Structure formats: C-alpha cells, structure tokens
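These notes are about the structure you will find just below.
All values below were derived from every heavy atom in this structure, side-chain atoms included, with hydrogens, water molecules and symmetry-related copies excluded. This structure is a prediction, so every number in the text was calculated from the model and none was measured. Order of the sequence lines fixes the chain letters, A, B, ..., with proteins taken first and strands second; residue numbering starts at 1 for each chain.
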Number of protein chains: 2
Amino acid sequence: MNYTYHMVTIDFANEAAAICDTLTEAQDALSRELLDRIAGKWPLWVLNVLAENGGPLRFSRLHERVDGISQKVLTQTLRHLERDGLLTRTLYPQVPPRVEYELTPLGRDFLLQVMPLWRWVAEHIQTFENARRQFDQAR
Amino acid sequence: MNYTYHMVTIDFANEAAAICDTLTEAQDALSRELLDRIAGKWPLWVLNVLAENGGPLRFSRLHERVDGISQKVLTQTLRHLERDGLLTRTLYPQVPPRVEYELTPLGRDFLLQVMPLWRWVAEHIQTFENARRQFDQAR
DNA sequence: CAGGATCCGGTCCGATACTG
DNA sequence: CAGTATCGGACCGGATCCTG
C-alpha cells in the first residue's frame with residue numbers, strides 16, 4: 001500500500017524531470033503555449049467542429065457552428081492554429097473570395113491526445129464541484 | 001486508407017459530442033478552468049514539485065523550488081489548487097506560523113492524466129517549431 | 001513565516017467601421 | 001465573403017510595501 005504510493009510518486013518525479021530536461025527554455029515556453037490551446041475557450045471547440053465535419057469548412061460555416069465567438073476572435077484563433085500546424089487555410093481567389101479551413105494530421109493527432117484528459121475531467125466533474133463547494137463554504 | 005481516415009474522424013465526432021452532451025454549461029466552464037491549470041505557467045510546476053517531494057512542503061520550501069514565481073502568485077496558485085481539491089493546506093498555529101501543502105490523491109490522479117499529453121507535446125516540439133517557422137517565413 | 005494590500009503595465013476582448 | 005484597423009474596458013501577473 002505504502003509501497004505503491006511511493007512508486008507512483010517516484011514515477012511522477014522521473015517523468016517530469018525527464019520531460020523538463022529534454023526541453024530548452026524556448027521549447028518549454030512553446031509547449032506551454034500549445035497546452036494553452038486546449039485551455040482557451042475557443043481553440044478546442046474550433047478543432048472539434050472541423051473534426052466533426054470531417055472535411056474542409058468555410059469561414060462562415062465555422063462562425064455559425066462555434067456559437068458565441070466574434071469574427072475577430074475566430075480569425076485570431078484560426079491564425080494561431082494554422083501557425084501551430086494544426087489546421088490549413090486555403091484561399092480560393094474568386095469574387096467573392098472563398099476560404100476553407102481543414103484539420104491537418106497533426107491537428108487530428110493533437111485532438112486524439114487531448115481527448116483522454118478531457119474525458120477524465122468530464123468524468124470527475126462532480127468531484128471537482130464538491131471540492132469547490134466545500135472550500136467555498138469553509139469561509 | 002480512406003476508410004481508416006473516416007473512422008478516426010467519426011471517432012472524434014462521437015467522442016466530443018458525448019463529452020459535450022453530458023456537461024451543463026456551468027460544468028463546461030469548470031472543466032475549461034481545470035484544463036487551464038495545466039496551461040498556466042505555475043500550477044503544473046507547483047504540483048510537480050509536490051509530487052517530486054513525495055510529502056508535505058512548507059510555503060518557503062515551495063517558493064524556493066518554483067523558481068521565478070512571486071510570493072503573491074504562488075499564494076494565488078496554491079489557493080486555486082486547494083479550491084479544486086488538488087492539494088491540501090494545513091496551518092499549524094505556532095509562532096512563527098507554519099503552513100504545509102500536500103498533494104491529494106485527486107491531485108496525483110490529475111498529474112497522471114496530464115503526463116501523457118505533456119509527453120506527447122514534448123516529443124513533437126520539433127514539429128511545432130518547424131510549423132511556426134514555415135508560417136512566419138511565408139509572410 | 002506566510003501572505004494581505006496596492007499600484008501598474010501588458011494583454012485580451014467586444015464593438016464598430018471599413019475594404020478587396 | 002472574409003477579413004483588417006482601431007478604440008475602450010476588463011482582467012492578470014509582477015513588484016513593492018506592510019502585518020499577525
């Protein structure tokens with residue numbers, strides 16, 4: 001029992017140390033920005049819509065499906081995700097112009113990696129709500 | 001080949017839809033805040049130090065090991081993590097006062113869930129750097 | 001020792017107006 | 001249609017000073 005506890009603890013230490021050691025300071029900052037993509041309100045939502053759709057989507061269709069986002073923030077979000085290589089932006093020079101966004105393989109991989117964590121948090125949401133309620137009442 | 005692609009796509013849709021459907025709007029916001037804990041600069045670092053240590057740590061020891069954090073932000077970070085039930089705060093009413101912070105089982109679980117994603121991002125950091133470089137040069 | 005109070009500069013966001 | 005440009009307000013982290 002105690003043994004198991006210590007094993008888990010030591011695993012953490014090794015794992016975290018191993019990850020930190022392989023990264024330069026710049027890379028560490030970059031990895032934090034990438035993790036930030038899943039915390040922000042919109043990026044994960046946008047990626048999900050594209051994944052659900054299963055193919056390219058125009059700006060306006062995206063704007064419809066990501067409810068509540070302003071067009072400015074949607075543009076920013078798409079630029080960030082494009083810069084990180086998670087989706088592609090294709091401009092068709094027509095009048096009126098047409099622009100299509102599509103998930104890259106890296107973007108799909110990213111979603112695959114995020115899902116388990118998201119699912120875990122969703123499954124334990126009650127536990128977290130209880131913890132907060134208890135903390136807030138203790139004031 | 002194409003078949004596999006569609007399977008993966010459909011898996012995403014199902015997965016994401018399933019998660020979203022089970023959450024109220026408030027719970028959705030809460031889950032985003034929790035994911036935010038791993039994106040912020042300090043929370044994951046603090047949890048890691050506690051995990052590495054394997055036992056309770058005083059405020060000042062924590063402050064030493066989380067290099068660069070201000071005492072104000074460390075206090076804020078610890079309050080948030082305590083509120084979310086990821087660590088405990090124990091005050092020993094002495095003079096001078098002593099306060100110890102320790103990971104909860106939920107906190108350890110949380111770290112366990114986050115590690116795979118963190119590792120994946122670290123492993124693909126080069127890919128992301130290349131994507132950014134390419135994007136930035138295309139301007 | 002641990003952390004509350006305060007001020008301050010940077011960032012993010014929505015709203016609005018305009019354009020190829 | 002799909003943006004860019006701009007402005008004002010809200011929020012957040014950092015540094016500094018103070019206290020039971």
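Residues passing the side chain to side chain donor-acceptor pair (under 3.5 Å) test with Arg58(A): none are found, sequence neighbours excluded. Here Thr104(A) pairs with Thr88(A), Leu106(A) under the side-chain contact (heavy atoms from CB on, under 4.5 Å) rule; sequence neighbours left out. For Arg132(B), the side chain to side chain donor-acceptor pair (under 3.5 Å) partners two or more places apart in sequence, or in a different chain, are Glu33(A), Asp84(A). Residues satisfying the salt bridge (Lys or Arg N to Asp or Glu O under 4.0 Å) criterion with Glu100(B), sequence neighbours excluded, are Arg98(B). With sequence neighbours excluded, the residues that form a side-chain contact (heavy atoms from CB on, under 4.5 Å) with Arg89(B) are Arg79(B), Glu82(B), Leu91(B), Val99(B), Tyr101(B). Every residue two or more places apart in sequence or in another chain that forms a side-chain contact (heavy atoms from CB on, under 4.5 Å) with Gln76(B) is listed here: Lys72(B), Val73(B). With sequence neighbours excluded, the residues that form a side-chain contact (heavy atoms from CB on, under 4.5 Å) with Gln113(A) are Leu117(B), Trp120(B).
Comparing the local axis fitted to the first five base pairs of the helix from dC1(C)-dG20(D) to dG20(C)-dC1(D) with the one fitted to its last five gives a bend of 50°, rounded to 10°.
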Mind listing the N/O atom pairs, protein and nucleotides 17-20 of chain D, below 3.5 Å?
none

Grab the N/O contacts between the protein and nucleotides 6-11 of chain D below 3.5 Å, and write none if there aren't any.
none

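Among the protein residues, Tyr92(A) comes within range of no part of the nucleic acid, since none of its heavy atoms lies under 4.0 Å from any strand. Among the atoms of the strands shown, none is found under 4.0 Å from any heavy atom of Arg61(A).
Here the P atom of nucleotide dA2(D) and the CD1 atom of Ile69(A) are 15 Å apart, to the nearest Å. One interatomic measurement links the two molecules: NE2 of His63(A) to C1' of dG3(D), which rounds to 12 Å at whole-angstrom precision. The distance from atom CZ of Arg79(B) to atom C1' of dC12(D) is 18 Å, rounded to the nearest whole Å. Distance Glu100(A) CD to dA2(D) P: 9 Å, rounded to the nearest Å. We find that CG of Leu91(A) is positioned 11 Å from C1' of dG3(D), with the value rounded to whole Å.
Heavy-atom neighbours of Glu129(B) CD from other residues, nucleotides or ligands within 6.0 Å: above the threshold of 12. With a 6.0 Å radius and a threshold of 12 heavy atoms from other residues, nucleotides or ligands, Gln134(A) has its CD atom at or below the threshold.
In this structure, CG on Leu86(A) lies 13.5 Å from CD on Glu102(A), to the nearest 0.5 angstrom. The CG atom of Leu23(A) sits 9.5 Å away from the CZ atom of Arg32(A) when rounded to the nearest 0.5 Å. In this structure, Arg37(B) CZ and Thr77(B) OG1 are separated by 8.5 Å, a value rounded to the nearest 0.5 Å. Between Asp36(B) atom CG and Asp36(A) atom CG the span is 7.0 Å, to the nearest 0.5 Å. Atoms CG and NE2, on Leu78(A) and His63(A) in that order, are 10.5 Å from each other to the nearest 0.5 Å.
Proximity of a side-chain donor or acceptor of Gln27(A) to a complementary backbone N or O of Thr24(A) within less than 3.5 Å is detected.
OP1 or OP2 of dG3(D) lies within a sub-4.0 Å distance of a side-chain N or O belonging to Arg89(A).
Taken residue by residue, residues 35-45 of chain A places no heavy atom nearer than 4.0 Å to DNA chain D.
By the criterion of side-chain heavy atoms lying less than 4.5 angstrom apart, applied directly or through intervening Ile, Leu, Val, Met, Phe, Trp or Tyr residues, Ile69(A) is grouped together with Leu103(A) in one hydrophobic cluster.
Nucleotides of DNA chain C that come within less than 4.0 Å of any heavy atom of chain A span, from the 5' end to the 3' end, dC13(C) to dG20(C).
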